[in-house]
Amino acid sequence: MAERAYFDWNATAPLREEARQTMCAALGLTGNASSVHAEGRAARRLIEQAREEVAGLVAAEAKNVIFTSSATEANAMALTPAIEVGGCREARDRLFVSVIEHPSVLSGGRFDLGKVETLPVTSDGVVDLVALRLALSRSKLPLVSVMLANNESGVIQPISEIAEIVHAADGVLHVDAVQGPGRMTCDVGVLGADLTSISSHKLGGPQGAGALIRCGDVHVAEPLLKGGGQERGLRAGTENVAAIAGFGAAAAAAQKSDVQRLTSLRDRFEAGLRATTPQAVIFGENVARLPNTSLFAVPGLKAETVIIAFDLNGIAVSSGSACSSGKVQASHVLAAMGVEPTLARGAVRVSLGWSTTEAEIDILLTAWNKVVSSLFNKRANAA
Ligand code: PLP
């Protein structure tokens, strides 16, 4: 394949070299981590080291990290009425999720759909705190789920403030922090999150590993998968040792913050975009955003056409919402922000990561100029 430039890090990041090496070594081991013999203990050591590394990434205690097969699974594990707080097992009566959540949260996890309510966002894509307060007054023991940063727009949510509101209403707060680590500080104590989901492949670990991290006296009281007593009885099934070890290695590497470098690369891209296409709309630009994410649309251009044209020029970008069918779907995030549907259909997401260079941003901008002028020329000729 000809040389390509990758700008779809919010969909998945490349495997870090540290993770690859750790996984290759782990694949050479034989033991089941539940076995007491030396082989089993060696596998167990890898899992426990990864637990320390993942805990370190979000300033949690290692004993509070539960490994899962993905953040999707971690979300499903967290979103249950069966949550114990300070030894009290009274079921959570309602689940409140922000309208811009990932589908794995919007689906409501293990709640009856009739008990799930969505919370609106402002036109900047930030959860409406007035609506949150009002919604919580309708519940005795709420569970609230709000993401740390949106995967499409990159908009960062005011989680500490949300945590105060939720706790004042005897609520429990789950935070889908999948897009945060490596791109912003993610200290679960500072955030005030009781339950936090993260995913390995967004930070340079393998696909197919994730974690739910609990805090303080909050516990998930009902396992998602029942069987063996793995992961403190919460997630039965023989552990995927190599994936977990790779996740740990990636988490350790991701602790080095990249924020300034990513911000300057993202700003370079957006300055170039504005220079050639001043009519471009950059979503969420007036509020705190992830430093690696730029979601934009140009009136009159469709995302599908732009993405294919970029791809033919050796560049991987995406529409905000990757979906399993590979088709560009209407973004529920932009709809919730009140973006006009025809403009929303043009939304293209550029997302960066630790190996993105200035030279790649310039390649992206050169390709953008080519793509945009050829698409507008085609339209002019067709008119
Ligand atoms: N939550 C958010 C915000 C995401 O962006 C994603 C992945 O795109 C997920 C959850 C799901 O993560 P995983 O692929 O590990 O299931």
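Atoms within a ligand are numbered from 1 in the order they appear, just like the ligands themselves.
Using a 4.0 Å cut-off between charged side-chain N and carboxylate O, K63 and E61 make a salt bridge. Comment: R44 engages E48 in a salt bridge, judged by a side-chain N to carboxylate O separation of less than 4.0 angstrom. In this structure, E358 pairs ionically with R268, as a charged nitrogen and a carboxylate oxygen lie closer than 4.0 Å.
Note that R16 lies in the cation-pi zone of W354, set by a 6.0 Å cut-off to the ring centre and a 45° limit from the axis.
Counting heavy atoms from C-beta on, the side chains of Q279 and V298 come closer than 4.5 Å.
Interatomic distance, N369 CG to S374 OG, rounded to the nearest 0.5 Å: 11.5 Å.
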Mind listing the N or O contacts between ligand 1 and protein, cut-off under 3.5 Å?
from     : atom 1 : to   : atom 2 : distance (Å)
ligand 1 : 1 (N)  : D176 : OD1    : 3.3
ligand 1 : 1 (N)  : D176 : OD2    : 2.6
ligand 1 : 5 (O)  : Q179 : NE2    : 2.9
ligand 1 : 8 (O)  : K202 : NZ     : 2.6
ligand 1 : 14 (O) : H201 : NE2    : 2.8
ligand 1 : 15 (O) : A71  : N      : 2.9
ligand 1 : 15 (O) : S199 : OG     : 2.7
ligand 1 : 16 (O) : T72  : N      : 3.0
ligand 1 : 16 (O) : T72  : OG1    : 2.6

